[in-house]
Protein chains: 2
Amino acid sequence: MARRSGKAPTLATVADEAGVSRQTVSNALNSPHLLREETLARVRRAIDVLGYSPNRAARSLRTRSSHLIGLRVEPATEGTANALMDRFLHSLVESSNGAGYHVLLFSSGDADPLAGYDDLLRSTAVDAFVITDTYRGNPQARWLEGRGAPFVAFGRPWNEPGSTHPWVDVDGRAGVTLAVEHLVERAHSRIAWVGWQKGSYIGEDRRAGWVDTMHEHGLATSRLSARGDDTVEFGRRAAQALLESESPTAFVCASDTIAMGVLHTLAERGLRPGSDVAVVGFDDSIAAQVAPPGLTSVRQPLEQVAVEIVRLLGQRLAHKPIEQRGCLLTPTLTVRGTS
Amino acid sequence: MARRSGKAPTLATVADEAGVSRQTVSNALNSPHLLREETLARVRRAIDVLGYSPNRAARSLRTRSSHLIGLRVEPATEGTANALMDRFLHSLVESSNGAGYHVLLFSSGDADPLAGYDDLLRSTAVDAFVITDTYRGNPQARWLEGRGAPFVAFGRPWNEPGSTHPWVDVDGRAGVTLAVEHLVERAHSRIAWVGWQKGSYIGEDRRAGWVDTMHEHGLATSRLSARGDDTVEFGRRAAQALLESESPTAFVCASDTIAMGVLHTLAERGLRPGSDVAVVGFDDSIAAQVAPPGLTSVRQPLEQVAVEIVRLLGQRLAHKPIEQRGCLLTPTLTVRGTS
DNA sequence: CACCGGGCTTGGAACGATCCACAGCCCTGC
DNA sequence: GCAGGGCTGTGGATCGTTCCAAGCCCGGTG
């Protein structure tokens, strides 16, 4: 289709080919309703013949918008079962592309975590950001808000009452409720919780799902809860301690990483996961999918998260009235061999 | 530092502030050696005071280069233990940023896998591409080459004798050799191979590492090899069949996914991985790291791959003479509980 | 018949950076 | 004293697109 010529075709080239002016071609692309049907068809034919695509730099210079969305990739943490980002990223890229945007990745140098944002913003390289780690008193949200930069957060503004930015999050509490209900149905009553330190808002939210649901079913929680780091090793030790003192028949974990540690302990003690002791993780990571008996896990609807993020971003960038500040999605439970 | 003003500062603003002309400021940024030391200092101070960053769109329009590198994200394949991309991506982003580039992600619509490339190229949105799936007669490399678009491939041009593009790859054969040597040292002699179908170049390369090393040590390979899909299920069945007919004492697998399947089978039969039967995977995925006894696995130096890719890309974009077409890196072996 | 107004189209300016050719300047050498 | 050459610094033009205000053509109206 595209006619190969020495130089890349521009608006002027197309205008020449179609026998109209530049502006008419521009209108054909941006406001086709302004053109007479016949003219529009002729211009479109010319575009096709020449294989024309508008130059992004020029468009972006003039309109002051790059149609790029910035996303910072965190320094990789190995040993944690967070293939989360993988799934999320795929979906974010697809949703963005569907909305005419592209995703630009950047890493912030070791020094100032805000430097990357600042640079991209000042050079008008991106139209907006998606931020993904709002949990730990992270300064990004506040800083971006202060600067008036558009962004959508994956994660609630837990401890920021003054914030007004749009966000999308997954209801961890509801996810854990699903897990506990599932285990109760399977006739478990001594269900232990293995989760994170108290400082984590996400951790407390998930834990609340366990506490509430246990109490709803009239089950005791005292002495059945362990807290620690998000590591395999902690899961291992916590399971050992709990098994020795409280002999629970099921474990609900704040993450797949921890659940893997619990599985370690079961294996060491010759207990068969699923039949002897049930285990449920959180994240539905790849490890959950492929590790031996298959780990039952709470699955975050990351695909939908990405879709919602792009939707909110679109609203924000179109300066539409914000009809909705937050969006809370409910996870599902993927049942596998360990329960 | 940055003085907050209504509009974003431009070259002209900075020039005014410093009492010089636009071009002088431009030179201060792009060819500082042209300026007298004192002038340079004054300009830099002005830049600092105003918080100026050059507008990327304008620069890119003029220089015809966006300093963006395009990377297509593949449709996610769940159930496979390939958190490869995660590690690779992180490293690629960091290396690129170090070299003044950013990574732009795109997904190709369901229809034409080349559409995304074509679009970005015609709209001059990216300077170059990184392609990651050269294995299966993929048309991208050939198409990009035909178009004269700069790119570097992660993966050798296995079946493309005519190709001349730069590439970086990991020596899978050497990786499997490491695995087999390791097992031989551990006094194993009946070492089985569980790998992919014949069609896969990568698969055959890795398998050759097993065959060669076995023969070097005077060990037999016949009937000790199984081929199939890259799934947990295949690994499971292959291990069952091999254990029944040939009773190997060790398995070397073409991927961690397959290795996980082998571990399934061992668990079903009450065999303890590591002490009864050794298993080695390939990729050092997260699953390998966290799954119960810890899976010994061949680890690809993805960080280094990314660094080399960016280096080659830099050479290509600077129109330097290409000193090196391909770059083959050697993986390492991460020893864990299963061996 | 002159005038008006709406639908399409037009040329010119603007976005902000870089490239180009040239104009000062200072210094050296004859 | 003056020509010449190496450094710095200058204004104008340019990249390709979109915004702006004005122009053209046409039928309808007083």
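Note on naming: letters A, B, ... go to the chains in the order of the sequence lines (proteins, then strands), and numbering restarts at 1 for each one.
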Salt-bridge contact B:Glu308-B:Arg311 (side-chain N to carboxylate O under 4.0 Å): yes
In whole Å, what is the span from the [atom1] atom of [X] to the [atom2] atom of [N]?
X	N	atom1	atom2	result
A:Leu50	D:dG16	CG	P	14 Å
B:Ile47	C:dG16	CD1	P	16 Å
A:His67	D:dT17	NE2	C1'	13 Å
A:Glu38	C:dC8	CD	P	12 Å
A:Leu34	C:dG7	CG	P	10 Å
A:Leu11	D:dC19	CG	C1'	13 Å
B:Arg122	D:dG16	CZ	P	16 Å
B:Leu40	D:dC7	CG	C1'	15 Å

OP1 or OP2 of [N] under 4.0 Å from side-chain N/O of [X]:
X	N	answer
B:Arg62	C:dC15	no
B:Ser21	D:dT10	yes
B:Ser26	C:dC19	no
A:Thr24	C:dT10	yes
B:Arg59	C:dT18	yes
B:Ser60	D:dC15	no
A:Asn27	C:dC8	no
B:Arg22	D:dG12	no

A:Pro150 and its side chain to side chain contact (heavy atoms under 4.5 Å, CB included) partner, picked from A:Leu317, A:Leu313, A:Val126: A:Leu317
Of the nucleotides [options], which has the atom closest to the [X] side chain?
X	options	result
A:Gln23	D:dC19, C:dT18, D:dT17	D:dC19
A:Arg64	C:dA17, C:dC15, D:dG16	C:dC15
A:Thr63	D:dT18, C:dA17, C:dT9	D:dT18
A:Leu61	D:dG16, D:dT17, C:dT9	D:dG16
A:Asn55	C:dT9, C:dT18, D:dT17	D:dT17
A:Val20	C:dA17, D:dG16, C:dT10	C:dT10
A:Asn30	C:dA17, D:dG16, D:dT18	D:dT18

Check: B:Arg122 side chain, A:Pro54 main-chain N or O, donor-acceptor pair, under 3.5 Å: no
Donor-acceptor contact present, side-chain A:Ser66 to main-chain A:Ala125, <3.5 Å: yes
For the student: nearest non-hydrogen atoms of B:Ala46 and B:Glu17, plus distance: CB-CG, 3.5 Å
Geometric class of the B:Tyr117/B:Phe106 ring pair [parallel <30°, tilted 30-60°, perpendicular >60°]: perpendicular
Pairwise 5' ranking along DNA chain D for A:Thr10 and B:Arg42, keeping only the more 5' one: B:Arg42
